[in-house]
Amino acid sequence: MEEARKRIEELTKILNDANYEYYVLANPSITDQEFDKYLRELETLELEYPQYAYENSPTKRVGGEVIDKFEKVRHSIPMLSLPDVFSEEEIVNFFKRIEKEENKPEYVCEQKIDGLSVSLHYEHGHLISAATRGDGLVGENITHNVKTIKSVPLDLHRDINIEVRGEIYMDYKTLEELNEKRKEKNEPLLQNVRNAAAGSIRQLDSKIAAERKLNSWIYHLPNPEDYGIKTHMEALNFMKELGFKVNPNNKIIKTLDEMLGYIKEQADLRPNLDYAIDGIVIKVNNLDMQKHLGYTSKYPRWAIAYKFPAEEVYTKLTDIIFTVGRTGRITPNAVLEPTLVMGSTIKRATLHNEDYVLMKDLKIGDIVSIRKAGDVIPEVVAPLKERRNGTEKDFIMISECPICKTKLEKKEGQVDYYCPNIHCPARKIESLIHYSSKNAMDIDGLGEEIVEDFFNMGFIKKIEDIYSLDEHRKDLEELEGYGKKSIDNLLNSIKISKTRSVERLLFGLGISGIGDKTALLLSKKYKSIDNLMIATYDDLVSIKDIGPILARNIVDYFENNDNLTLINNLKEIGINTDYLGETEKFNDLITNKKFVVTGTIEGYSRDEIEKIIENYGGSCSGSVSKKTNVVIVGDSPGSKYQKALDLGIEIWNEEKVLDVLKTL
Ligand code: IVH
């Protein structure tokens, strides 16, 4: 027994030290295999002798704790954010103001980490709670998830009571890996590292948070006087000594030149970092001076956050290739010499349509500037015409489908060309991808690449073939990269998809103009595909939100023999074609109300918020009108916010949204 207690103590120390060396110091002293061996040994001992297990044992890092809701936590000192500045002029103004009010001030310049802020409380050196910023006064308890973040110490190097604050973030590589997996599962991609980190920290199940491999930088000590600390840099060093991960790029600055130099240096470093920074934070170093400078109603007067302009980089446009979408639409795509933009390699970018390429005056061989719009989608900004040497080739729009060689068509007044051949393999592949996608039949494991592989190998040529994929089980299991388990999972999700409510099938069929919202509307109204099939043009066009073109498309679709055969086949296979009302829920604040969502809500994408509203029988639209009931206003809202104010429409801020979500 005594031996077990001692070994548990010993292993806990070995593993905590190893975590610290690996994740905080980036200087591991034991191998991954050794680490795993010790971890397994500790897990076994803790199972047998739970009385000796430490509350903050390193075995807790893997997650497992599940909560049913996020508790509110009131911050003893408000968690303030900083005033943003965007130009050198504003930095100079800040500098001048401080120089005027203080005697020989020093500054600490730091990277502004693009994540979400967190407050950590330790008692006797043990992590006891962690909270989000929330509205600055009240945040949410996220201790269960923060415990899984390896660079956040569970035990400090000293027996001390302390609160520290910093940033939780996700590095680029982790986001890329996560999005790879999401793509495979047909789940929507996470748009940027900040949203990904915020979404991960708001998981009820800490196992999921653990898988997200979050990281931390600690940069603020709210009660420095308790530890006899006089400057911010001392506070940073103190926190580092306690075991926190403190950014080595933090630097003391004395002059304006040094300050602007630091910004330039960090801006140059930025593309090579494996985590996102979106600016530089400048703080007065001396804490008495900070006190003296004080606060405005919202912000400290002793610090600012300089935000970098959106990053643009240059690369070569080596080719323009064409892809064929599900509807036959042809899209030109830029093939770029691979280049790193904000941590990820860009090789392709959409060029939308012929007019777009001509408007930008792009030639093949041009050096072009590119940037990432919305952090993830790359965009070609403009060619550098002065770099042309005469070898560049003009862009010529194709006239035949690149896949099936059918002559392309373009409708009067439209910008897009279409391949009219409904048997075009490219169109078929895209239709199959659409059919199994998240908002359609949601077949987990049948993502873009797999559909393409299975199509090319002849396993899935048409929708019905998805349901006889099990006949090829033997062949599939022999394919490289498809293990028995993943095939089992795939076949299982195909089976599950048969039982989904009909709006998903209706959307998945890809009838021109029917998005997921219209599919739901029609399913609610007609209750089954059989009823919808016999609806007349007049019936359809009399429905609010269904215009004449859409009504005609629907009637045409159900008059086509191939489509009728497909639907009959699907019924025979046993696919549900009735409306099950599975997602219909009721909530006083949402049901039957019209919403507009603008800006971002921490932890949710706009799509996710809209989905939730629709699940509860509310509707969402893109523009504010007198008919709008509620405008949801997140971070950096657009002009819709102003319009809502002008029209006197009810406004929900982030806090209100999160409150409502919690009651659902
Ligand atoms: S100091 C009172 N330092 O940027 C001091 N903030 O508006 C509060 N951030 O909400 C923050 N890196 O989430 C500080 N090195 C850094 C930071 C940083 C990122 C975030 C933080 C804060 C926002 C500033």
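What's counted below: heavy atoms across the whole structure, side chains too, no hydrogens, waters or symmetry copies. These numbers come from a predicted model, not from an experiment. Read the numbers this way: they start at 1 and go in the same order the structure lists the ligands and their atoms.
- Without hydrogens or angle criteria, S117 side chain to R133 main chain gives no donor-acceptor distance under 3.5 Å.
- Counting heavy atoms closer than 4.0 Å to ligand 1, residue S81 contributes atoms from both its backbone and its side chain.
- Of the possible polar contacts, one joining the Q203 side chain to the G199 backbone as a donor-acceptor pair under 3.5 Å is found.
- Shown here for L336 and R348, the closest heavy-atom pair between the two residues is CD1-C, 4.2 Å.
- Taken from CD1 in I14 to CD1 in I30, the straight-line distance is 7.5 Å, to the nearest 0.5 Å.
- Within the 4.0 Å heavy-atom shell around ligand 1 one finds Q111.
- Taking atom 2 (C) of ligand 1 as the reference point, the nearest protein heavy-atom neighbour is W302 CH2, 3.8 Å.
- At the shortest separation from atom 3 (N) of ligand 1 among protein heavy atoms lies K283 NZ, 3.0 Å.
- Atom 15 (N) of ligand 1 has E110 OE1, 2.8 Å as its closest protein atom, hydrogens excluded (heavy atom only).
- Rounding to the nearest 0.5 Å gives a distance of 9.5 Å between CD of Q290 and OG1 of T231.
- Note that CG of L647 is 8.0 Å distant from OG of S625, once rounded to the nearest 0.5 Å.
- The closest approach between any non-hydrogen atom of M79 and ligand 1 is not below 4.0 Å.
- Looking from atom 12 (N) of ligand 1 to the surrounding protein, the closest heavy atom is I113 N, 3.0 Å.
- Regarding atom 20 (C) of ligand 1, its nearest protein heavy-atom neighbour is E167 OE1, 3.5 Å.
- Not a single donor-acceptor pair under 3.5 Å links the side chain of K60 to the backbone N or O of H144.
- Nearest non-hydrogen protein atom to atom 14 (C) of ligand 1 is Y219 CE1, 3.2 Å.
- Aromatic pair F244/Y122: centroids less than 6.0 angstrom apart.
- Heavy atoms from both the backbone and the side chain of L82 come within less than 4.0 Å of ligand 1.
- Protein heavy atom closest to atom 8 (C) of ligand 1, with residue, atom name and distance, is L80 O, 3.6 Å.
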